[in-house]
Amino acid sequence: MLQLSLIREQTAEVIDRLKLKNFDGAQIINDIVRLDDSRRETQKALDDVQSQSNSLAKEIGVFFKQGRIQEADELKERTAALKLKAKDYDEKLESVKKELDDLLVRVPNLPHPGIPSGKSAEDNEIVHLEDDLIPASGEYLPHWELASKYDIIDFATGTKITGSGFPLYKGKGARLQRALINFFIDEALAAGYTEVQPPYMVNAASAFGTGQLPDKDGQMYYAQVDDLYLIPTAEVPVTNMYRDSILKVQDLPFKNVAYSACFRREAGSYGKDVRGLNRLHQFDKVEIVQVTHPEKSYQTLEEMREYVAGLLRKLKLPFRIVKLCGGDMSFTSALTYDMEVWSAGQKRWLEVSSVSNFESFQSNRLKLRYKDEAGKIRLAHTLNGSALALPRIVAALLELNQVPEGIRVPEVLRPYCGFTTIN
RNA sequence: GGAGAGGUGGGUGAGUGGCUGAAACCAACAGUUUGCUAAACUGUCGUACGGGAAACUGUACCGGGGGUUCGAAUCCCCCCCUCUCCGCCA
């Protein structure tokens, strides 16, 4: 959620910058300013009335104490009118605030000026390419064929137990999952992150705080009886650790890493590109989350990007980094890098990580602040990135490392797996 | 799930209708003292939204929501949460 002060003070610039996200904000932004004017006016009127009531009440109290009952009763009569007025203003204030919030919540984050303009993934900018590991030739089976050939992922049984998009990992497949999770967490610990194990279900306030609600309501699994949501990413619980808090500036940055299962309904994305591990309803992911000083967030974003690139190098996977264009970026993000690995079996790039700076968009919703050197309270910046999401990494690993004897496990994972070949 | 007890500022914790945005203590911060540290002393020390150049000032907030009252942290109702005991249980 954008800060009202920014919208008020730089109305034209805000509208202009939103265009980069293909968001026509002229109407809504102007409505917001108008509603906020009305909100202030009403608030002031209400404050005045309440101030009068307060002083009357005080006077009445004094009269009572002095036994001047009649004078007290006279004053009491005057409070009735004030009460009515206060009620009026209060109701108006509530409705204006609600209207204002409803609009405010619909405005996406301002995109960073450095992002490419564009409408879709076609317009993303490739900012880094490490493709020397892409095999020049040869037959490479897609991972779903390898999965059944070596009996390591059983899609059919997962479908029987639950439904499509809920695979069952078996034997060395399961072990490889666990190895990757541990590898990713250990790497993050070495990079200074603190490990946390968050809840997998969150309440509505948390889902709102990171921007899943109301924007992506239909994308989360929802347990109605308990009014809880299954997390689509550990970003939600981990970032919400800091909701409603005022941090000490010297404690920044906060760096956390969390493994979690992630649950996504993926409503409306059937058909293309959903085969095998490409798109699932449940998957494993290790997520890194940082809360930083506003002046440090872009430097942090680059560090996180480089950190994730390092993981891909260690896994010896060909990859590229794309900077998302305005139209492809999420509602909440100011700047996002996607990391994509090469799928040798499918002959295409697969997104395995998304590293984003949300600036103060989430922290404004979260009321995540810090007290600066001068004692002023300011919004912190939040960032997160997948480091990494497992399924497509597994897909790329299986496909790229297939040899006649089986699938060779990358060097770095061998201590975690306890085997060198899947066969 | 049943019974009981509670939820007050960063922490402990007073406060049962007006003098309480809230005692006291601790922590924190600034300063004095000091060869350094410690101790002692002095001061500062909630958040949000407004007004004001500023000093300062208005309003709201004592788990959340509603109500009673001229006036609510304090009384009433609903909800949430925590603790203790019982039940159930990985």
Side-chain angles (χ1 to χ4, degrees), chain A residues 1-9 32-105 197-209 213 223-229 237 240-252 254 261 291 360 363-380:
Chain A
M1 191 158 71
L2 295 179
Q3 288 180 80
L4 254 176
S5 55
L6 180 76
I7 292 176
R8 292 189 68 91
E9 286 157 26
I32 286 170
V33 173
R34 182 178 51 74
L35 279 167
D36 189 49
D37 285 340
S38 165
R39 193 210 97 225
R40 287 180 185 219
E41 203 180 301
T42 312
Q43 177 81 62
K44 196 161 162 36
L46 176 64
D47 284 358
D48 280 348
V49 172
Q50 276 173 331
S51 178
Q52 288 173 48
S53 303
N54 285 346
S55 37
L56 270 183
K58 261 186 198 140
E59 288 177 48
I60 292 168
V62 171
F63 281 145
F64 265 121
K65 242 182 218 139
Q66 298 173 341
R68 295 154 74 179
I69 306 299
Q70 192 173 347
E71 283 160 279
D73 283 341
E74 280 167 25
L75 278 187
K76 269 197 202 178
E77 283 167 28
R78 285 169 51 191
T79 61
L82 285 175
K83 266 190 146 174
L84 280 177
K85 262 168 121 179
K87 197 169 177 237
D88 265 11
Y89 285 133
D90 194 48
E91 278 165 6
K92 173 152 189 228
L93 185 63
E94 286 312 308
S95 84
V96 170
K97 271 173 144 171
K98 191 183 177 307
E99 219 180 320
L100 181 60
D101 279 346
D102 286 348
L103 291 187
L104 215 43
V105 138
Q197 286 198 10
Y200 287 4
M201 299 189 93
V202 294
N203 55 34
S206 293
F208 174 79
L213 288 180
Q224 195 167 23
V225 276
D226 296 298
D227 195 22
L228 295 173
Y229 297 84
N240 272 281
M241 287 165 61
Y242 304 99
R243 170 153 54 86
D244 290 320
S245 51
I246 300 175
L247 308 168
K248 294 181 190 156
V249 68
Q250 65 267 27
D251 290 342
L252 297 173
F254 284 85
V291 178
S360 59
S363 50
N364 192 30
R365 287 190 178 196
L366 292 161
K367 305 215 183 320
L368 197 184
R369 299 95 98 209
Y370 69 98
K371 199 171 263 188
D372 72 10
E373 293 80 352
K376 278 205 92 170
I377 289 163
R378 301 183 184 284
L379 293 173

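Values below: all heavy atoms of this structure, side chains included; hydrogens, waters and symmetry mates excluded. Every value quoted in this text rests on a predicted model; they were computed, and no experiment measured them. The sequence lines fix the lettering, A, B, ..., with proteins before strands; numbering per chain opens at 1.
- Among the nucleotides U47(B), A60(B), G71(B), the one closest to the side chain of Asn54(A) is A60(B).
- Base pairing of G43(B) is made with C29(B), judged by Watson-Crick or G-U wobble geometry with both donor-acceptor distances under 3.5 Å.
- Pair assignment for A90(B) gives none, since no Watson-Crick or G-U wobble pairing has each distance under 3.5 Å.
- Pairing for C83(B) is with G4(B), a Watson-Crick or G-U wobble pair whose two hydrogen-bonding atom distances lie under 3.5 Å.
- The partner of U12(B), taking Watson-Crick or G-U wobble pairs whose two distances both stay under 3.5 Å, is A24(B).
- The side chain of Ile377(A) sits closest to U47(B) out of U59(B), G71(B), U47(B).
- With respect to Ile32(A), the side-chain contact (heavy atoms from CB on, under 4.5 Å) criterion is satisfied by exactly one of Leu2(A), Asp37(A), Ile7(A): Ile7(A).
- Checking U47(B), C70(B), U59(B) against every side-chain atom of Ser51(A), the shortest atom distance belongs to U59(B).
- The side chain of Arg369(A) has A48(B) as its nearest neighbour among G58(B), A48(B), C70(B).
- Comparing Leu56(A) and Lys87(A) by the nucleotide of RNA chain B that holds the closest heavy atom to each, the one mapping nearer the 5' end is Lys87(A).
- The C1' atoms of A73(B) and G64(B) are separated by 15 Å, rounded to the nearest whole Å.
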After noting the C-alpha distance and the side-chain angles of Asp101(A) and Lys98(A), does the key distance pass the salt bridge (charged side-chain N to carboxylate O under 4.0 Å, His left out) rule? CA-CA 5 Å; Asp101(A) 279 346; Lys98(A) 191 183 177 307; over 6 Å; no

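- Residue Lys371(A) places at least one side-chain N or O under 4.0 Å from the OP1 or OP2 atom of U47(B).
- Using Watson-Crick or G-U wobble geometry with both donor-acceptor distances under 3.5 Å, A48(B) finds its partner in U59(B).
- Rounded to a whole angstrom, the distance from the C1' atom of C19(B) to that of C78(B) is 33 Å.
- A72(B) is unpaired under the Watson-Crick or G-U wobble criterion, no partner having all donor-acceptor distances under 3.5 Å.
- Within the 4.0 Å cut-off from OP1 or OP2 of G50(B), at least one side-chain nitrogen or oxygen of Arg39(A) is found.
- Here G35(B) sits opposite no nucleotide as a Watson-Crick or G-U wobble pair (both hydrogen-bonding atom distances under 3.5 Å).
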